[in-house]
Amino acid sequence: MGLRIPIVNAPMGGVAGGRLAVAVAAAGGLGMIGMGSAGSVEALERELAAAALACELPALERELMGSAAAPAPGPIGIGLVDWVAAARPGLLDLALSAKPALLSVSFGTDLSWAARARQAGIRTATQIYTVEDARRARDAGIDVLVARGLEGGGHGAPELATLPLLEAVLDAVPGPVLAAGGIGSARGVAAMLAAGAAGVWLGTALAAGEESLLSPGGRRALLAARGTDTIVTRVFDVGMDLPWPQRFPARVLRNDFTARWHDRIDELSVTTAAPPAPAGDAAPAHAEQAAAARAELAAANAAGDPRIAPVDAGQGVGLVTAVRPVAEILDELCSGAARLLAGDRH
């Protein structure tokens, strides 16, 4: 793919838009536009347009100031969620028509999309969590496997930690494998490359980058968090009525909503539309509480309030300490990893 650095940004919904993808590509990696739970044809069109605009600016700089002024953006990919693509007619078609350098579709069992991408001449990727997942993906002809460990932020199957998963997959199947989950420093990048990964799939480390779509409140929450401040939960999916398969809970920052509802998910799922409860049953009260909690969550999402709204974060979040340009973050990670792999331990 002509990459200068072994980095692919995770296609984080609501975070990895066109500007972030172009910034990663311009730095020498593979930039990915992410369509998460709220993905739609309109959202993808908007971020493709943002990427096109972001590409025009370096081109103009090069024309006005010479070829050294700004690097030409490199390849751009698109990442989709399986059930979202299935529910939003036209989303996969638009992704294919955009001719991305890489198409990633994850969180599902129907891998027939890969054949359509292959017929269109598009390389494919998917996240995997076990050796069995890896074998099914390879059998379906998927080009790049993303070994996503349980340390990773956002949705995923909490099966194995990143390094044990990577080792098992590399021993089991041929072809390129990217490591994902909890990688937030030059040491982490070097460790995964030394273990045999073809590259790393970075999410949390780039989420607070200047070019991301993350809300100001979300950025502040990431910068304030420690590595122990995350939790794996389904509470936000239940609270927002998102049909995520139970296999894929999300690792998010702990907040007031998780403190109140993580251990009460059954109560949160009670709705006022449920059948009438027997006299003396607590269900009506639970339904009212759940309705109030859902309304509070919707308002917090609209306001970008991380005290209630979800902020996806992996266990490497404690390494995120400042809002910086993506190019600066990637240069630090990759130059540091290169020194470590060359034997410089300092």
Side-chain angles (χ1 to χ4, degrees), residues 1-64 67 69-81 84-85 88 90-106 113 117 120-125 143-144 146 154 178 199-215 218-219 312 323-331:
M1 292 187 185
L3 305 184
R4 301 193 305 275
I5 59 174
I7 303 289
V8 181
N9 74 272
M12 303 166 281
V15 176
R19 286 188 64 223
L20 178 64
V22 169
V24 171
L30 174 56
M32 297 287 288
I33 294 173
M35 291 288 107
S37 304
S40 65
V41 169
E42 294 75 18
L44 182 53
E45 287 175 339
R46 181 176 64 247
E47 295 310 323
L48 288 170
L53 178 61
C55 286
E56 289 175 5
L57 297 178
L60 180 59
E61 287 184 36
R62 288 194 302 277
E63 182 178 338
L64 295 176
S67 60
I76 300 294
I78 295 172
L80 306 179
V81 173
V84 175
R88 313 273 161 77
L91 183 55
L92 178 59
D93 291 337
L94 176 59
L96 291 170
S97 68
K99 296 292 183 181
L102 185 73
L103 176 64
S104 170
V105 181
S106 297
W113 60 270
I122 299 169
R123 292 186 177 95
T124 54
D143 300 302
V144 180
V146 181
L178 304 179
V200 295
W201 177 273
L202 293 181
T204 304
L206 301 177
E210 286 183 0
E211 297 87 349
S212 89
L213 295 173
L214 191 63
S215 70
R219 292 177 199 273
D312 290 348
V323 176
R324 298 189 291 163
V326 161
E328 183 179 310
I329 298 170
L330 294 182
D331 179 67

Point-to-point distance, once rounded to the nearest 0.5 Å, from CD of E47 to CG of L213: 5.0 Å
Should we say atom CZ of R219 is surrounded by more than 12 heavy atoms from elsewhere, each under 6.0 Å from it? yes
side-chain contact (heavy atoms from CB on, under 4.5 Å) partner of I7, chosen from L202, L178, L30: L202
Between S212 and A207 (side chain of the first, backbone of the second, donor and acceptor by atom type, cut-off under 3.5 Å), is there such a pair? yes
Reported CH2-to-OG distance for the pair W201 and S104, which is rounded to 0.5 angstrom: 4.0 Å
Where N9 and A21 come nearest, the two heavy atoms and their spacing: OD1-CA, 4.2 Å
To the closest 0.5 Å, what do you measure between CZ (R88) and CG (L80)? 11.0 Å
Distance-minimising heavy-atom pair for A26 and R4: O-NH2, 2.9 Å
Would you name the heavy atoms of A208 and V323 that are closest together and state the gap between them? O-CG1, 3.4 Å
Reported OG1-to-CG distance for the pair T124 and D143, which is rounded to 0.5 angstrom: 3.5 Å
Would W113 and L103 count as a side chain to side chain contact (heavy atoms under 4.5 Å, CB included) here? Give the steps. CA-CA 10 Å; W113 60 270; L103 176 64; 4.1 Å; yes
Pairwise distance CG(L214) to CG(L206) - rounded to 0.5 angstrom: 12.0 Å
Nearest 0.5 angstrom please: R123 CZ to L102 CG, how far? 8.5 Å
Correct closest heavy-atom pair for M35 and L91 would be CG-CD1, 4.5 Å
What do the steps show when you test I76 against M32 for side chain to side chain contact (heavy atoms under 4.5 Å, CB included), and what is the final call? CA-CA 6 Å; I76 300 294; M32 297 287 288; over 6 Å; no
Is there a side-chain contact between L330 and V24, using heavy atoms and a 4.5 Å cut-off? yes
Please check: side-chain N/O of E211 versus main-chain N/O of V326, any donor-acceptor pairing under 3.5 Å? yes
Any donor and acceptor pair, going by atom type alone, linking the side chain of K99 with main-chain N or O of A120 inside 3.5 Å? yes
Pair L48-I78, side chain to side chain contact (heavy atoms under 4.5 Å, CB included): steps then yes or no: CA-CA 9 Å; L48 288 170; I78 295 172; 4.2 Å; yes
Nearest heavy-atom pair of P75 and A101: which atoms, and what distance? CB-CB, 3.5 Å
Shortest non-hydrogen separation from I33 to P11 and the atoms involved: O-CB, 3.8 Å
